[in-house]
K.L.:
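My questions all concern the structure below.
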Amino acid sequence: MAGRLGAGSSSAVPVPDIELPPVKLPTIFHSPEMAPYVDDLRVPSAITSSPSQPIEIIARTTSSRFHRDQPKVPTMAYNDESYLGPTIEAHVGEQTTVHYRSELGKHIFAADLDTSLHGVAERYRDEPVTSMHLHGGATPPEFDGNPERLMLPHHGTALFEFPNRQEAGHLWYHDHAMAITRANVYAGLAGMYFLRDDHDTGTPQNPLGLPAGEYEIPLILQEKIFRPDGHQSLRSTPVVPQGMWEGGAVGDRGLVNGKVWPKMTVARGLYRFRLINAASFSVWNLFFSNRMRFWVIGNEGGLLNAPVATRSFQAAPGERFDLLVDFGSLAPGETVDLCNDLVPPFQAAILAEVAMPRFCRFIAGADRGHRRGVPTRLRGGHGQPRPVPPIATPTRVRRVSVSQPYALRVPPAIMSLNNLRYSDPQIEKPRAGTTERWDIINITPDPHPVHLHLVMFRVLGRRPLRTVEYQAAHPQPPLGTRWAPDPSDFYAGPMRGPAAWEAGWKDTVHATGGHVTSIIVRFPTADELGFDPDAIFSSDPTQSWTRPSLGQEADRPAPSAHHNHAGATPAHGMVTKDLQGYVWHCHILDHEDHDMMLRYRVVP
């Protein structure tokens, strides 16, 4: 079904038609048959942020048709979208103010919620809690979407203030409620957030000459399994009973912007695709079916110094990539598909899960489109932003671990960072103004995309680890004792630097299985941020107050007279308490939910 096309000046390498495997084993659920490329790619609506006008974001229960031949089924969405949310466009240095509230009804996955997980109450089946997080934002802690700062439906309005005091980049917002993040995001609570500046304006007149308007398209990639009746399935296997945590699964239907295998007619010119892996589980190796060349021009934290030409790249959940794709060599009517060929990790493969092979099709139209060509440089030239600097030298090395405690059980064992649970008191406390190297020691065979809230970082590289010898020399203690021994004596080879297309500023890193992944991160000061990153705040999102951490002398508003102190129960029945700091976690959403997420603080 894939077209056979030229690739500009590069030679086209034909590939076989990509089809789903015909074998359907009873260990996993399968979606009903759906014809590919029959629905048009939809583009979410857009909201332009203004410092003088708050944005209203409302979480709603609604319905959507994911495929032409399937019925409308229950979903969650923000504002008037039937699935996902509008794209928010903001400007560097201009605060975005959001008034957020929830009008959700009964959770569409009520029967699938596992109330044995940390923080999940039985009432959440009927009254699903939410916590909106601006992923990639340098945001005050009370507005960061802390997983314990929970909003019940029909219980007031929460204020969010996003300062946007950071470089232009590709952020996104999504739900972050404790231990039900996967259920809420899978249901539809996610949307794009483009942070612009005077260089990358998002208009046809932008100084960098990048495609804009109809030639700049968000691509929100997801994977799903559908039930025989067309409803979304949060479950993937009958091996795990309903209502019990699974640990993650590969979908068998690819979605882009909420449609299964959509198609898009493109002008024969250059497009800018703002792509995100918004899946719950899978890492993908993305390429076009004719193996044509394209260019990566940016990561989560903004543009690279220059475009990177490639024919494929890997994208892990939570990662964003800014792409330039030239359809100029296509004849009218020719097609090319966006594909994946990365096989699932071992623990998914043993259940007979297979690679989900395709996402969407592009059909060349008659129009010529954007013809300014691919820039040779994006930073450092006249009228361009400053170059991405060399990777800084750290003053401290912090070792952290990624593991799955061994236990033969159904459902599978808890996932863990540092061999700890979320509620354990041993947390990381980097000092403001310091630069650290985090060595992420992944002793599992599986990939884990690790995301740090508040900060951007640089990828230093990855080094293979002799995991069996490492664990034999350092036996893992019972869960609840911090464990991240020095891996220096157990490396199996030299460090491999980051791929050229991941060399910019990032907030999520693909921590490869059986490797130590090293990142360099600077933790900003309160003066640099314009707020105290260690401020204390209420878990009630309808209360907007902070007080400084011990030792800070910043002028902060005191709690209001109606403040509920730690342990108090307000009218809506939620116990409130004081919170502090941020979180870091795996962005495989099932893993984040149980319990691969820990708190951390940036201390003075």
Side-chain angles (χ1 to χ4, degrees), residues 28-29 59 61 74-78 83-85 104 107-121 124-125 128-133 135 145 147-148 150 172-191 220-227 231-237 240-253 255 258 276-283 316-319 344-345 347-348 353 356 404 411-417 422 446-451 508 583 585-597:
I28 55 175
F29 296 122
T61 303
T75 55
M76 295 178 183
Y78 292 119
Y83 179 73
L84 301 175
L104 294 172
H107 205 298
I108 68 169
F109 297 123
D112 298 302
L113 301 184
D114 187 343
T115 56
S116 72
L117 302 189
H118 174 79
V120 181
Y124 296 170
R125 301 186 197 276
V129 288
T130 57
S131 178
M132 191 179 74
H133 167 53
H135 182 132
E148 296 182 272
L150 300 173
W172 63 307
Y173 63 102
H174 61 82
D175 190 71
H176 212 288
M178 178 67 74
I180 62 169
T181 292
R182 186 200 170 195
N184 289 353
V185 173
Y186 196 88
L189 294 184
I220 303 173
L221 272 58
Q222 296 175 291
E223 60 186 345
K224 283 192 189 294
I225 297 173
F226 292 93
R227 297 183 345 211
H231 288 233
Q232 303 176 81
S233 176
L234 200 64
R235 301 178 65 202
S236 68
T237 173
V240 178
Q242 187 170 31
M244 301 185 79
W245 178 82
E246 281 193 8
V250 177
D252 62 8
R253 297 292 180 262
L255 277 75
I276 179 173
N277 181 340
S280 300
F281 181 74
S282 291
V283 179
E319 288 189 301
Q347 294 193 58
E353 297 177 23
M356 198 282 303
Q404 181 176 9
I414 190 174
M415 312 297 291
S416 180
L417 299 172
Y422 180 86
D446 302 329
H448 294 277
V450 175
H451 170 48
T508 305
V583 296
H585 58 86
C586 177
H587 222 279
I588 293 176
L589 299 184
D590 277 299
H591 296 183
E592 171 189 333
D593 282 348
H594 183 53
D595 218 32
M596 200 171 267
M597 176 168 64

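Start at 1 with the first residue, then count along the sequence.
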K.L.:
Looking at Leu113, is its backbone amide N or carbonyl O close enough to the side chain of Arg125 to form a donor-acceptor pair, meaning the two atoms are under 3.5 Å apart?
P.N.:
yes
K.L.:
Check the pair Asp114 / Val120 against side chain to side chain contact (heavy atoms under 4.5 Å, CB included), numbers first and verdict last.
P.N.:
CA-CA 7 Å; Asp114 187 343; Val120 181; over 6 Å; no
K.L.:
Verify whether one side chain among Thr508 and Glu319 offers a donor that lies under 3.5 Å from an acceptor in the other.
P.N.:
no
K.L.:
Do Met415 and Gln404 make a side-chain contact, defined as non-hydrogen atoms from C-beta onward lying under 4.5 Å apart?
P.N.:
yes
K.L.:
Taking Arg182 first and then Asp590, would you say they form a salt bridge - that is, a charged N and a carboxylate O separated by under 4.0 Å?
P.N.:
yes
K.L.:
Identify the heavy atoms of Tyr124 and Gly119 that sit nearest to each other, and give their distance.
P.N.:
CE1-O, 3.3 Å
K.L.:
Side-chain contact, heavy-atom cut-off 4.5 Å: Asp175 with Tyr78?
P.N.:
yes
K.L.:
Taking all non-hydrogen atoms of both residues into account, name the closest pair between Val129 and Asn184 and its distance.
P.N.:
O-ND2, 3.1 Å
K.L.:
Students often mix this up, so state it plainly: with edges at 30° and 60°, are the rings of His174 and His133 parallel, tilted or perpendicular?
P.N.:
perpendicular
K.L.:
For residues Met596 and Ile588, determine if any side-chain heavy atom of one lies less than 4.5 Å from a side-chain heavy atom of the other.
P.N.:
no
K.L.:
Would you call the rings of His594 and Trp245 parallel, tilted or perpendicular, taking 30° and 60° as the class edges?
P.N.:
perpendicular
K.L.:
Less than 4.5 Å apart, any side-chain heavy atom of Met356 and any of Leu255?
P.N.:
no
K.L.:
Answer yes if the side chains of Glu223 and Tyr186 hold a donor-acceptor pair under 3.5 Å, and no otherwise.
P.N.:
no
K.L.:
Which of parallel (below 30°), tilted (30 to 60°) and perpendicular (above 60°) describes His451 and His585?
P.N.:
perpendicular
K.L.:
Flag the pair Thr61 / Pro74 as yes when at least one side-chain heavy-atom distance between them is below 4.5 Å, and no otherwise.
P.N.:
no
K.L.:
Going by atom types alone, do Gln222 and Tyr83 pair a side-chain donor with an acceptor below 3.5 Å?
P.N.:
yes
K.L.:
State, without any angle test, whether Thr75 and Gln232 hold a side-chain donor-acceptor pair at a distance under 3.5 Å.
P.N.:
no
K.L.:
Could you label the plane-to-plane angle of the Trp172 and His587 rings as parallel, tilted or perpendicular, counting under 30° as parallel and over 60° as perpendicular?
P.N.:
tilted
K.L.:
Could you tell me the separation between the NE2 atom of His231 and the CZ atom of Phe226, rounded to the nearest 0.5 Å?
P.N.:
11.0 Å
